[in-house]
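The first residue of the sequence shown is numbered 1, and numbering continues consecutively from there.
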Amino acid sequence: MTYNFINLAWADFEDLARDLLGAEFGMRFESFGPGPDGGMDGRHAKGLSKTVLQAKHYEGSPASALTAAMKRERGSIERLAPSRYLLATSRSLSPKNKAQLATILGPLLHAQDDIFSAEDINGLLRKFPEVEKAHIKLWLSSAAVLERVTRAAAHAFTAMNNAEIAAKVRVYAPNASFKAARDTLEGQHVLIISGPPGVGKTTLAEMLSYAYAGEDWELVPIRSLVDGFEAIVDAKKQIFYFDDFLGTIALDRNALASKDSDLARFMKRIRHSPNARFILTTRAYIFEEARRVSEHLADERLNISKYILDIGVYTRRIRARILYNHLLVADTPAAHIRALVGSGKIAKIVDHANYNPRVIEWMTDGVHLASIQPEGYADAFLAALANPSQLWDTAFRTHIPEKCRHLLFAIFFGSQYGEEIADLRVAYQALHPHLCAHFGHAHDAKDFEESLRILEGSFIKIESGTVSFVNPSVRDYLAAYLNDIVMLREFALPSRQGKWARLVWEHGVSLSAEKAELANFASAFHCVASALLHIPTWKKSTRYPHSFSAADLSNCDRIELLLKWWEASELGDFADLALALARNPVDGFSSHRDGRDLVELIQNLRCFYDGFPYLDDLLTALEQGVISILQSGMELDDLEIIARCVTDATYEFSGDVIAVAKAAILREFDENERATSETDSEYTLADRVKTLENLAAIGGVSQAMLTSAVKTVNNRIAAIVDETETAEEPTFTGTAMATADKFDDQQLADLFLPLLNLPAKHPPTD
């Protein structure tokens with residue numbers, strides 16, 4: 001493929017030139033910062049011989065600009081007295097152009113062949129493909145790869161176009177974490193990218209996912225492990241991506257009990273697939289807490305530590321590159337860039353203790369700099385690093401009207417992945433009039449649409465009918481802002497959805513443990529509690545017209561929420577509603593959404609709810625729900641877990657439940673041949689054998705029946721084992737960390753000097 005190098009920053013092109021010419025001449029070039037380099041961007045010295053390399057990133061500039069620059073620099077080059085001088089440029093050169101440059105350089109140049117034009121650089125990239133794949137930013141920016149990535153992104157939750165992906169690639173600052181991530185992923189098939197908020201976990205995961213998509217792997221972003229299990233196909237090359245996978249899980253043992261076992265199971269599933277890779281990101285403190293409370297994640301057999309890549313500690317050079325790239329690519333006004341570079345405070349920004357790529361992104365976005373004068377830009381930048389919350393606080397409190405703040409509240413108590421506009425409208429139209437009435441503000445029927453329009457691009461983004469925060473730090477800011485349980489009571493009163501009510505409740509509980517305060521807070525959910533008996537649990541999927549997706553909390557989740565409100569308030573209405581819902585669940589109990597949780601709820605009721613007024617009646621209704629689920633059929637793994645819980649804890653479940661569980665096991669063996677013939681995964685079938693063995697022990701299945709079932713599965717494995725091909729290792733690599741990374745104040749200053757003459761978003765001309 002042929003590159004035009006437009007997506008490379010000045011420093012990126014210098015790195016490429018050093019690596020390519022080093023490969024061509026079999027030598028390693030020392031690196032030097034850009035700017036007034038005295039005619040030297042790379043040097044190779046051996047004895048008295050000294051080869052000097054200079055790189056000029058002039059793609060898009062006229063040939064006259066390059067020749068003028070070389071005239072100015074000839075004196076500097078002569079003072080270096082190199083044994084050999086090499087010039088590399090990203091600009092296309094004709095034979096006449098090369099002849100002019102050779103005349104300017106005179107005897108410094110051994111031959112015109114030592115001038116490498118864009119065409120020559122492309123020739124070297126074809127000659128040394130390993131260098132091409134090591135410079136991941138260059139490779140991802142090629143037209144062919146971008147097209148493959150865009151095609152893959154079209155199947156993601158948010159479709160992205162060519163320009164959007166190219167912009168992300170251009171602002172990316174390549175560093176050693178990419179190669180480390182790639183190597184871990186290839187070695188283990190699972191990669192967990194961990195680190196503090198805002199350090200670039202998502203960016204690294206996206207670049208890695210794009211790289212796999214660029215080599216024709218199917219990109220499968222998932223929002224739940226259920227998505228992953230449903231999508232995995234062993235015969236296809238698939239890269240699964242789960243961003244902030246622990247971000248919405250309340251970190252207590254009960255909440256993690258099923259979630260982490262699913263995670264461990266899916267990770268094992270990926271590891272045994274020949275063609276699957278799995279990338280997860282998580283905030284470091286959440287992951288450490290999850291490991292502490294989770295026996296599944298801490299299981300030595302899983303040895304989860306070998307999948308983890310902690311990022312966030314950047315070298316000074318990489319910090320500077322991140323800032324440089326954002327200034328070059330973002331909509332930062334040219335006057336602000338010149339003021340920042342001229343202030344002499346860039347070193348303070350790069351070396352700041354709170355340096356964070358998220359803050360860098362915010363403070364280089366022209367949309368957010370309208371209220372900052374160029375002469376105050378450097379100080380504002382440092383102030384933002386010193387107190388990141390101020391990034392949102394000033395804009396939230398003073399720049400947007402009340403109706404917009406109410407919309408942000410509505411988004412906050414929605415999914416972290418964003419809310420569909422229709423669902424968000426329901427929440428907003430319940431919350432907004434209530435808050436306006438409570439605080440004495442006027443409101444209008446068009447407030448929802450106007451708020452979306454005002455906030456888009458600053459606080460929120462709207463993509464494919466879904467509204468989400470433009471940056472995760474908005475959610476972090478609002479979490480701190482909404483730290484008043486008395487104020488949250490006003491969010492509870494107008495609740496119209498179970499999922500909204502639960503999030504408001506959980507946020508309030510995290511703020512207070514005072515009994516009277518919690519009782520008063522719980523009472524505010526009375527209206528939505530009654531609605532839980534009628535709100536649908538399923539709705540038509542907006543993504544897949546012939547499918548359904550979750551509309552609100554499952555029945556089991558609703559009953560648990562009602563029990564928590566009863567426990568906090570001791571109001572009889574909550575107890576009445578919990579029993580009514582258990583007896584007449586909305587749309588019936590679902591094996592997919594209620595199965596495991598229902599069994600766990602029964603166990604918790606017997607252990608922790610002795611004072612519940614209708615305990616026996618509630619347990620009877622819930623046991624009937626378990627029976628209906630067992631009779632309707634379910635996934636094999638769910639059946640094993642439910643049957644084990646039911647049969648092991650005989651004092652907690654009636655004989656009827658145990659009998660139905662054993663009957664469900666026998667039915668699974670009767671249908672084994674059909675289920676096996678419909679499965680194409682060798683690993684899934686091998687896992688089926690283990691599950692059947694476990695179910696046989698639980699349900700008292702005869703040895704003859706078990707032997708026959710296992711034989712059927714093994715025959716199927718033998719039939720498909722030769723059909724599945726193992727994916728070859730991707731050819732992209734990324735660049736390894738240099739043994740030493742010196743980057744002094746002069747090199748730091750030199751990196752940004754070309755931006756002083758940058759009138760718009762184009763490569764510098766000197």
Inset, instruction - Please examine the side chains of Ile279 and Ser209, heavy atoms only from C-beta on, and report whether any two atoms are closer than 4.5 Å. - result: yes
Inset, instruction - Quick one: list whatever passes side-chain contact (heavy atoms from CB on, under 4.5 Å) with Ala479, sequence neighbours left out. - result: Phe412, His507
Inset, instruction - Please confirm whether the backbone N or O of Arg170 pairs with a side-chain atom of Asn7, one donor and one acceptor, at under 3.5 Å? - result: no
Inset, instruction - Any chance you could measure Lys201, atom NZ, to Thr282, atom OG1, to the nearest 0.5 Å? - result: 7.5 Å
Legend entry - Which residues share a side-chain hydrogen bond (donor to acceptor under 3.5 Å, both in side chains) with Tyr3, sequence neighbours left out: Glu132
Legend entry - Partners meeting ring-ring contact (aromatic ring centres under 6.0 Å, His included) with His272 (sequence neighbours left out): Tyr683
Legend entry - Verdict with supporting geometry, Leu16 and Asp19, side-chain contact (heavy atoms from CB on, under 4.5 Å): CA-CA 5 Å; Leu16 177 66; Asp19 288 350; 5.6 Å; no
Legend entry - Residues in side-chain contact (heavy atoms from CB on, under 4.5 Å) contact with Ser90, at least two apart in sequence or another chain: Phe5, Phe13, His57, Glu59
Legend entry - Evaluation steps, side-chain hydrogen bond (donor to acceptor under 3.5 Å, both in side chains), between Glu215 and Thr731: CA-CA 8 Å; Glu215 294 207 342; Thr731 58; 2.3 Å; yes
Inset, instruction - First locate atom CD of Glu419, then atom CZ of Phe469, and finally report the distance between them rounded to the nearest 0.5 Å. - result: 10.0 Å
Inset, instruction - Please identify each residue that fulfils salt bridge (charged side-chain N to carboxylate O under 4.0 Å, His left out) with Lys127, with sequence neighbours left out. - result: Glu24
Inset, instruction - Report yes if the side chains of Val190 and Phe240 come closer than 4.5 Å at any heavy-atom pair, otherwise no. - result: no
Inset, instruction - Mind checking salt bridge (charged side-chain N to carboxylate O under 4.0 Å, His left out) for Glu361 and listing every partner two or more places apart, or none if nothing turns up? - result: none
Legend entry - Working for side-chain contact (heavy atoms from CB on, under 4.5 Å), residues Phe178 and Phe732: CA-CA 10 Å; Phe178 183 92; Phe732 63 83; 3.8 Å; yes
Legend entry - Donor-acceptor contact present, side-chain Arg319 to main-chain His352, <3.5 Å: yes
Inset, instruction - Give a yes or no on whether a salt bridge exists between Arg321 and Asp12, defined as a side-chain N under 4.0 angstrom from a carboxylate O. - result: yes
Inset, instruction - Sequence neighbours left out, what passes side-chain hydrogen bond (donor to acceptor under 3.5 Å, both in side chains) with Ser681? Give chain and number order. - result: Asp234, Arg269, Thr684
Legend entry - Separation between CZ of Phe278 and CZ of Arg271, rounded to the nearest 0.5 Å: 13.5 Å
Inset, instruction - State which residues pass ring-ring contact (aromatic ring centres under 6.0 Å, His included) with Trp392; sequence neighbours excluded, sorted by chain then number. - result: Trp362, Phe459
Legend entry - Main-chain N/O of Ala181 paired to Thr184 side chain as donor or acceptor, under 3.5 Å: no
Legend entry - Where Leu340 and Ile346 come nearest, the two heavy atoms and their spacing: O-CG1, 3.9 Å
Legend entry - Any Leu323 side-chain heavy atom under 4.5 Å of Phe752 side chain: yes
Legend entry - Side-chain heavy atoms of Val145 within contact of Arg148, under 4.5 Å: yes
Inset, instruction - Report yes if the side chains of Lys168 and Met207 come closer than 4.5 Å at any heavy-atom pair, otherwise no. - result: yes
Legend entry - Student check: side-chain heavy atoms of Leu124 and Val131 closer than 4.5 Å: no
Legend entry - N/O donor-acceptor pair under 3.5 Å between Lys137 side chain and Tyr172 backbone: yes
Inset, instruction - Taking only Lys NZ, Arg NE, NH1 and NH2, and the carboxylate oxygens of Asp or Glu, determine whether Glu186 and Arg277 approach each other closer than 4.0 Å. - result: yes
Inset, instruction - Nearest 0.5 Å please: distance from the OG1 atom of Thr89 over to the CZ atom of Phe116. - result: 12.5 Å
Inset, instruction - Apply salt bridge (charged side-chain N to carboxylate O under 4.0 Å, His left out) to Arg91 and list each qualifying residue two or more places apart in sequence or on a separate chain. - result: none
Legend entry - Spatial distance of atom CG (Leu185) from atom CD1 (Ile270) [nearest 0.5 Å]: 9.5 Å
Legend entry - Spacing of Ile193 atom CD1 and Leu280 atom CG [to the nearest 0.5 Å]: 8.5 Å
Inset, instruction - Using the side-chain contact (heavy atoms from CB on, under 4.5 Å) rule, take Ile239 and Leu208 through it: C-alpha gap first, then chi angles, then the decisive distance, then the call. - result: CA-CA 10 Å; Ile239 179 76; Leu208 197 56; over 6 Å; no
Inset, instruction - Quick one: closest heavy-atom pair of Ile232 and Gln238, and the distance? - result: CA-OE1, 3.4 Å
Inset, instruction - Kindly indicate whether the side chain of Phe25, heavy atoms from C-beta on, has any atom under 4.5 Å from the side chain of Thr51. - result: no
Inset, instruction - Apply side-chain contact (heavy atoms from CB on, under 4.5 Å) to Asp183 and list each qualifying residue two or more places apart in sequence or on a separate chain. - result: Lys179
Legend entry - Any side-chain heavy-atom pair of Trp10 and Leu751 under 4.5 Å: no
Inset, instruction - Go through the structure and list residues passing side-chain contact (heavy atoms from CB on, under 4.5 Å) with Pro333, not counting sequence neighbours. - result: His336, Leu369
Inset, instruction - Show the numbers, then the answer: is there a side-chain contact (heavy atoms from CB on, under 4.5 Å) between Leu87 and Lys56? - result: CA-CA 8 Å; Leu87 174 63; Lys56 292 293 183 183; 4.0 Å; yes
Inset, instruction - Hey, could you give me each pair passing ring-ring contact (aromatic ring centres under 6.0 Å, His included) that has a residue in residues 213-236? Not counting sequence neighbours. - result: Tyr212-Trp217, Phe229-Phe266
Legend entry - Shortest non-hydrogen contact between Leu755 and Leu328, atoms and distance: CD2-CD1, 3.9 Å
Legend entry - Side-chain ion pair, Arg317 and Asp15, N-O less than 4.0 Å: no
Inset, instruction - Grab the two heavy atoms, one from Val149 and one from Gly214, that are nearest each other, plus how far apart they are. - result: CG2-N, 4.0 Å
Legend entry - Where Met267 and Ile192 come nearest, the two heavy atoms and their spacing: CE-CD1, 4.3 Å
Legend entry - Shortest non-hydrogen contact from Leu204 toward Ser177: CD2-OG, 4.0 Å
